[in-house]
Amino acid sequence: MFKRKKSKKETDPMLSLHKLNETLETLEKKEHVLEKKAAAEIQKAKDFSRAKNKRAALQCLKLKKQIEEQMDRLRNMQLRLHDQIIVLEGTKLTTDTFDTLRSGAAAMKAMNKATNIEELDKTMDEINEQTENMKQIQEALAAPVGAAADFDEDELEAELEELENADLEQESVKQATITATPAMPDAPVSNLASKLPIKPVTMLKTEDEDEPASLQAEMAL
């Protein structure tokens, strides 16, 4: 009347795969044992046949046939287990893939919820508003205050233009004065040199040059 609720361990795919592999390994070991038994019965049948014991030889062959039938059943069970393992592994891979995709979709949904288009527009509007406010504050701080705010920019520019024109006029007058002043002629060097008196140059004699003259005077005496 009441269905037995399956426990979590029974529905765990990894545990099921482990149990399937264990059972498959057990069946393979049993098949290996039966192969040895079948080979032994064949060898007995040969020995009885050589001993001319036909009845015993036939009995061994019958037993070998029974063993082979049991081996066939084991092979069929192994084949079913292999099929079950393949299906379960494929199902596990599909489930894992689906879980991964579902987790990714949930993450994308959460991110989209945190950054929906309405919130984005609102944030951009706030940024633009704050930027405009800051621009107005900077312009207010840079504006002249007090007496400087009453100055006429056009009047200041006209005064600057007058100063520049006055400088240009002074420079023009200076250049004209330099051009109008005559240059003094240079006196000829040759005429001045010819009018200067020429003084005779007296050659000074050394003591060595005066000594021969004095000797000559003494010899004349």
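Keep in mind that this is a model prediction, so the values were computed, not measured.
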In the structure I gave you, are the side-chain heavy atoms of L24 and L20 within less than 4.5 Å of one another anywhere? no
Could you name each residue pair satisfying side-chain hydrogen bond (donor to acceptor under 3.5 Å, both in side chains) that touches residues 125-136, not counting sequence neighbours? none
Enumerate the side-chain hydrogen bond (donor to acceptor under 3.5 Å, both in side chains) contacts for residues 94-104, please, sequence neighbours excluded, ordered by first and then second residue. K92-D96, D99-R102
Please list, chain by chain and in numerical order, all residues satisfying side-chain contact (heavy atoms from CB on, under 4.5 Å) with M134, sequence neighbours excluded. Q138
With sequence neighbours excluded, tell me which residues meet side chain to side chain donor-acceptor pair (under 3.5 Å) with E68. K64
Among all residues two or more places apart in sequence or in another chain, which pass the salt bridge (Lys or Arg N to Asp or Glu O under 4.0 Å) test with R55? none
Measuring from L81:CG to L88:CG, what's the distance to the nearest 0.5 Å? 11.5 Å
Under the side chain to side chain donor-acceptor pair (under 3.5 Å) test, residues paired with H82 that sit two or more places apart: none
Pairing residues for K29 by the salt bridge (Lys or Arg N to Asp or Glu O under 4.0 Å) criterion, not counting sequence neighbours: E25
Which donor-acceptor pairs under 3.5 Å do the side chains of residues 39-47 make with protein atoms, sequence neighbours left out?
residue	atom	partner	partner atom	Å
Q43	NE2	D47	OD1	3.4
D47	OD1	R50	NH1	3.0

Hey, what do you get for CG (L168) to CD (Q170), rounding to the nearest 0.5 Å? 9.5 Å
Pairwise distance CG(L79) to CG(L74) - rounded to 0.5 angstrom: 12.5 Å
Please set out all donor-acceptor pairs under 3.5 angstrom arising from side-chain atoms of residues 31-38, sequence neighbours excluded.
residue	atom	partner	partner atom	Å
E31	OE1	Q78	NE2	2.8
E31	OE2	R75	NE	2.8
E31	OE2	R75	NH2	3.4

Connected via hydrophobic side-chain network under 4.5 Å: M71 and L61: no
Nearest 0.5 Å please: distance from the CD atom of Q84 over to the CG atom of L17. 9.0 Å
Report the residues that fulfil salt bridge (Lys or Arg N to Asp or Glu O under 4.0 Å) with E69, sequence neighbours left out, ordered by chain and then residue number. none
Mind checking the CG-CD1 spacing from D72 to I67? Nearest 0.5 Å is all I need. 12.0 Å
Once rounded to the nearest 0.5 Å, what's the spacing between atom CD1 of I85 and atom NE2 of H18? 11.5 Å
Sequence neighbours excluded, every pair satisfying salt bridge (charged side-chain N to carboxylate O under 4.0 Å, His left out) that has a member inside residues 80-89: none
